[in-house]
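Heavy-atom basis, side chains included; hydrogens, waters and symmetry copies ignored. For ligands, and for the atoms within them, numbers begin at 1 and follow the listed sequence. Start at 1 with the first residue, then count along the sequence.
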Amino acid sequence: MPEALRLTGRGASPGRARGPAHVAAAVAPNGHGEVPTDRDVERLADAVNGTIDRLRVLAETADLQSGAILEFQIEMLRDPVIVRPSFARIRAGESASRAWVASMDEYVHGFEAAEDEHIRARSSDMLDIRNQVLDMLLGQVPADFPKGSVFVGRDIAPSQFLAHDWSAGGAIVLSGGSTASHVAMLARSRGVPMVVGLGEFGIEDGTRLFVDGEEGLVERDEGTLRLAANENAASIGAAASSPRGHAPPEPARTADGVLVRVMANIDHPAELRGLSPSACDGIGLFRTEYLMTSPGDFDDEDRQARYYSEVLAWAEGAPVTIRLFDFGGDKPLPRTSVDPASYLGLRGIRLLLARPDILRVQVRALMRAARIGNLQVLAPMVTSPDELAQTIEIFADEAEDLAMRGIAHGMPPLGIMLEVPAAALMPETFADAAFFSFGTNDLAQYLTAAARGEAAVSHLHDTSIAATMRFLSHTVPAALATGKPVGLCGDLATEPSLLPELLSFGFRAFSMPPARMALVRETLSRFNADGSEAGG
Ligand code: PEP
Ligand code: MG
């Protein structure tokens, strides 16, 4: 009888899947057998340029989110700071591949040793770049793995994720890795279950595995654990996608017939490809910060207006909530001196009000796009009514400016995230807010003083959920009492076991990654609006 196998790590992308393990080679290639030649500087330059060309070709056909990740790798490869140390090593007598590997390994280790999880998470991009250039130098073809299998390894490279066909399901199980890595972001948006941080373990190639990306659990698949149809990685994607031409799902209702809006969270318009607007009740949160991949993007009003218009056109009149840039904390403003690790300093609306040049461009782009559909705008990290008043003033100013220049525009309703405890406790003080959206990802971290994504404090997870639920039980009724629309767009909305209680607090609108919508709808249908179990 095979040995029992039960590993627990951190869930990086929800969903459950089963499949045979594909155990990746433990040691990344190092090119040490190579003999130096007098053409090594040229060979390395060719390999770097060849990799950039290959990434460009991939980026041209990739969706926009994947494209942004590939662009990040291209920028790194074009940065002289990255390649210069290798050339110095070659001039000192090392072969091209040996010099490249040694200097890149220093970068990888530097990233791995960083205290901030989000900087640590970039180490897999550096390792990916290292291995792609090395493959090019050694004339090797990057390895793929069988469709439908569970990738098992220390980490997985973004390029490997992007080159793999996930249509047959599968999952990712890592001894290292990070919930904040580019691959984790891709896995969440494509509905590929992923578990990270399992530590050292031994799994043989071909072992049949059951992976629960929600619970961070990996087990030998005994065939006894059944996946619900909407919990299989492959079918989650299909259920969420509901392609045009298929019958749209009925509006979500509780068992006693109360309508509940189930909306989609997106980080990029590319995530809407293959998703029908009739599969959801609109977009409850469009995080715009991920659209900005280089500093020049902030001034490009037309580029922003195009992205916003694309989402509004897709929605065919359904409400679309676009959030103002939420930089700071885990999402540093690219190339500025603002402390990237500051969750408590200039973040969200505070940063935007300190940098009105950035805010004003976004406001103009939003107001131009507002004519296309049913837009509402959401301000992140609002703490005081004064911040809302200043933001409203900037909208009014820019509307006047657009009108004077004869540029067609609309004035969208402006709501606020309730994700800072001070604001969530006093919703009635925000009389000018058009609506409220609770952000439980930030509420949880601010209630427990435990940074999100920080491995060292992840043991406080259960405490933070309990505290956030208690906090919501007091604050949601107060927000509803203002008579304004109230929703929830944090990750708590995707947790079936919490949905009944969230209903009982009074929530009737939830927004979540598209891959979770089918499961949430199905759960809602089994409970009454007061949170009691139907027929229970
Ligand atoms: C939240 O804080 O719950 C939220 C939805 O916003 P973000 O995760 O982008 O901070
Ligand atoms: Mg937030």
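Not a single N/O/S atom of Asp326, whether from backbone or side chain, sits less than 2.8 Å from the Mg ion (ligand 2).
In terms of modelled atom types and a separation under 3.5 Å, the side chain of Arg368 and the main chain of Ala305 share no donor-acceptor contact. Checked by atom type and distance alone, the side chain of Thr475 never pairs as donor or acceptor with a backbone atom of Ala424 at under 3.5 Å.
For Arg526, the salt bridge (charged side-chain N to carboxylate O under 4.0 Å, His left out) partners at least two apart in sequence or on another chain are Glu522. For Asp128, the side-chain hydrogen bond (donor to acceptor under 3.5 Å, both in side chains) test picks out Gln73, Gln132, Ser159, with sequence neighbours left out.
Distances below 4.0 Å separate heavy atoms of Asp326 from the following atoms of ligand 1: 10 (O). Which parts of ligand 1 touch Cys489 is read off a 4.0 Å heavy-atom cut-off, strictly below it: atoms 5 (C).
Between His164 and Trp166, the ring-plane angle classifies as perpendicular under the 30° and 60° cut-offs.
Of the N or O atoms in Asp442, one or more lie within a sub-3.5 Å distance of an N or O in ligand 1. Not one N or O of Glu289 is nearer than 3.5 Å to an N or O of ligand 1, by distance alone.
Here atom 10 (O) of ligand 1 lies nearest to Arg452 when heavy atoms of Gln445, Arg452, Arg323 are compared.
Taking a 4.0 Å cut-off on heavy atoms, Arg347 registers as neighbouring ligand 1.
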